Visitor: 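The structure under discussion is supplied below as structure tokens; questions concerning it will follow.
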Amino acid sequence: MEFKSIGTKDKLRIDIAYISNINSFVISKQRLWVENKYIGDFQEKSPIGPLICTFRNLRLKRSQKILDEKISKNKIRYFYFGKPFQPGDSFAEFDIKFLKTKKNIHFIWRLNKYSTSDYTNYIKMDLHHGQVSISYFEEILSQFEISFKGQLNDINSEKLELSDAKIKLRKSDKFWNYFENNVKLLSEFDQRKVAFEFAQLARHKYDEVGLDALNILKLLTIKTVSKNKINDLTNKLRFELPLKRKVHPNSVLLNLLTEHSTSYPIWYSTGIAGNLLCELKVTTFSKLLKFTKDILERIQSESKN
């Protein structure tokens, strides 16, 4: 396992433990440090894409006319004024907000009340605050992007060697290739239809909360649902997760209920859910690929009528 640490704990540091890759998606363990306080579950395995995209999006955010000392003195008030910072599954048990001033980026966070893991020096719902200068944040992001690019280059080289040797693509690769080239092109609502159909595959494994989530996923194929309702449901789903990080049916639903964004689109979170369905032995990549193609054919047929 390759370990990379970018930055310093007393300011801002990103810890990455590279594990493997699924097609062009790098899977790793992730953790942040802000002013000597860590954020994230370093045992959780998740894609690195949402983390780097969230950091890039933060860089583009406009600064707010707020005095830095006001934020540090009244973190309760500014936690509710802050904007959500959601860098991926490794941080799912934390509620993280950020505020960007003229010179600094402030992070205010807490371990949420539904957390099922043991985090040293954390009490559920207690707020923590840390800040980093924008100049240092830019420096860390640049180093992060360089490291990430290098990792992708390694993956692309490996793929090239496989192609030259005419080795057949793994079944998971075929599945992800189809998602990248076809599901990715669908509208958000059509991507939600694929997500709902995937969720249905594990229907027999859901409890009452899981079935409620399934109903919400069905609604999302035709209309938007309030964020508060979805957040409440996802917190309940996390609460039911086992203490040991084993694959659980709720993990499938949590991925499928993710908010659609440019950094973490529904087609991508649905693909991750597909991986989980295979790990749960609900289906196989070969069957899931055929299942996905059938869904897209049905969507195209409906759009013509």
Side-chain angles (χ1 to χ4, degrees), residues 20-27 45-50 53 89 152 155-156 158-160 162-163 165-206 210-211 213-225 247-305:
S20 61
N21 66 79
I22 303 171
N23 202 23
S24 59
F25 302 104
V26 179
I27 304 299
K45 303 172 186 177
S46 58
I48 201 173
C53 288
D89 293 345
L152 284 180
I155 295 168
N156 290 334
E158 179 185 343
K159 285 182 182 178
L160 185 59
L162 289 173
S163 176
K166 295 183 179 180
I167 297 175
K168 194 175 182 179
L169 283 172
R170 294 192 303 269
K171 292 175 182 178
S172 61
D173 285 335
K174 288 185 176 182
F175 169 77
W176 276 103
N177 280 338
Y178 187 78
F179 257 71
E180 284 189 274
N181 295 317
N182 296 275
V183 182
K184 182 179 179 179
L185 304 178
L186 299 174
S187 68
E188 178 185 345
F189 282 115
D190 283 343
Q191 288 180 33
R192 289 284 186 190
K193 290 177 182 177
V194 179
F196 172 66
E197 294 296 340
F198 271 38
Q200 292 243 76
L201 291 174
R203 185 187 188 100
H204 60 288
K205 290 182 175 288
Y206 302 145
L211 292 174
L214 192 61
N215 289 331
I216 293 297
L217 285 168
K218 186 175 183 179
L219 282 176
L220 285 169
T221 64
I222 55 174
K223 65 178 183 179
T224 56
V225 177
V247 181
H248 190 275
N250 284 9
S251 301
V252 175
L253 296 167
L254 285 166
N255 272 281
L256 297 175
L257 285 167
T258 303
E259 182 179 0
H260 180 76
S261 66
T262 53
S263 61
Y264 208 61
I266 294 304
W267 72 266
Y268 180 76
S269 56
T270 303
I272 296 296
N275 275 64
L276 295 173
L277 287 167
C278 292
E279 287 188 50
L280 286 167
K281 301 191 184 304
V282 170
T283 185
T284 64
F285 280 112
S286 296
K287 291 179 180 178
L288 202 55
L289 175 58
K290 184 180 184 305
F291 183 66
T292 308
K293 289 179 178 180
D294 290 342
I295 296 170
L296 264 64
E297 285 182 12
R298 190 162 66 247
I299 289 173
Q300 291 169 357
S301 177
E302 289 172 354
S303 65
K304 293 177 181 178
N305 296 333

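Numbering of residues begins at 1 and proceeds along the displayed sequence. Just the heavy atoms: all of them, side chains too, but no hydrogens, waters or symmetry mates, feed the values below. These figures come from a predicted structure and were not determined experimentally.
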Visitor: Establish, yes or no, whether the cationic atom of K174 lies under 6.0 Å from the six-membered ring centre of F285 and within 45° of the ring axis.
Guide: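 The answer is no, since K174 fails at least one limit relative to F285.
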Visitor: How many angstroms lie between atom CG of L217 and atom CZ of F198, to the nearest 0.5 angstrom?
Guide: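 That separation rounds to 12.5 Å.
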Visitor: Grab the two heavy atoms, one from P47 and one from Y268, that are nearest each other, plus how far apart they are.
Guide: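 For P47 and Y268, the tightest heavy-atom pair comes out as CB-OH, 2.6 Å.
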Visitor: From L185 CG over to D190 CG, what is the distance, rounded to the nearest 0.5 angstrom?
Guide: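 The CG atom of D190 is 11.5 Å from CG of L185, to the nearest 0.5 Å.
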Visitor: Which atom pair, heavy atoms only, marks the closest approach of F175 to T292?
Guide: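 Minimum heavy-atom separation between F175 and T292: CE1-OG1, 4.1 Å.
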Visitor: Using 4.0 Å as the upper bound for N to carboxylate O, is an ion pair formed by E197 and R298?
Guide: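 Between E197 and R298 there is a salt bridge, with a charged N closer than 4.0 Å to a carboxylate O.
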Visitor: If you compare all heavy atoms of H260 against all heavy atoms of R192, which two are closest, and at what distance to 0.1 Å?
Guide: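 For H260 and R192, the tightest heavy-atom pair comes out as N-NH2, 3.8 Å.
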Visitor: Test V194 against every option in T221, L186, I266 by the side-chain contact (heavy atoms from CB on, under 4.5 Å) rule and name the one that passes.
Guide: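 Only one of T221, L186, I266 forms a side-chain contact (heavy atoms from CB on, under 4.5 Å) with V194, namely L186.
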Visitor: What heavy-atom pair brings W267 and Q191 nearest, and what distance separates the two atoms?
Guide: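 So the minimum-distance heavy-atom pair works out to N-OE1, 2.7 Å.
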Visitor: CZ/F179 to NZ/K184 distance, rounded to the nearest 0.5 angstrom?
Guide: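 So the CZ of F179 and the NZ of K184 are separated by 13.0 Å.
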Visitor: Please examine the side chains of V183 and T270, heavy atoms only from C-beta on, and report whether any two atoms are closer than 4.5 Å.
Guide: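 Not in contact.
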Visitor: Of the non-hydrogen atoms in W176 and I272, which two are nearest, and what is the gap between them?
Guide: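 In terms of heavy atoms, the two residues are closest at CH2-N, 3.5 Å.
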Visitor: Which distance, rounded to the nearest 0.5 Å, do you find between the CG of L220 and the CG of N215?
Guide: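 So the gap between those two atoms works out to 11.0 Å.
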Visitor: Return all side-chain donor-acceptor pairs below 3.5 angstrom for residues 199-206, not counting sequence neighbours, or 'none' if the list is empty.
Guide:
residue, atom, partner, partner atom, Å
Q200, OE1, R203, NH1, 3.2
Y206, OH, A199, O, 2.7

Visitor: Sort out for me which residue in V252, T258, L254 forms a side-chain contact (heavy atoms from CB on, under 4.5 Å) with L256.
Guide: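 Among V252, T258, L254, the one meeting side-chain contact (heavy atoms from CB on, under 4.5 Å) with L256 is V252.
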Visitor: How long is the gap from CD on Q300 to CG on N182, to the nearest 0.5 Å?
Guide: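 The CD atom of Q300 sits 8.0 Å away from the CG atom of N182.
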Visitor: Using a 4.5 Å cut-off on heavy atoms from C-beta on, say whether the side chain of I27 contacts that of S46.
Guide: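 No, too far: nothing below the 4.5 Å cut-off.
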Visitor: To the nearest 0.5 Å, what is the distance between CG (L289) and CG (D294)?
Guide: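 Here the interatomic distance stands at 9.5 Å.
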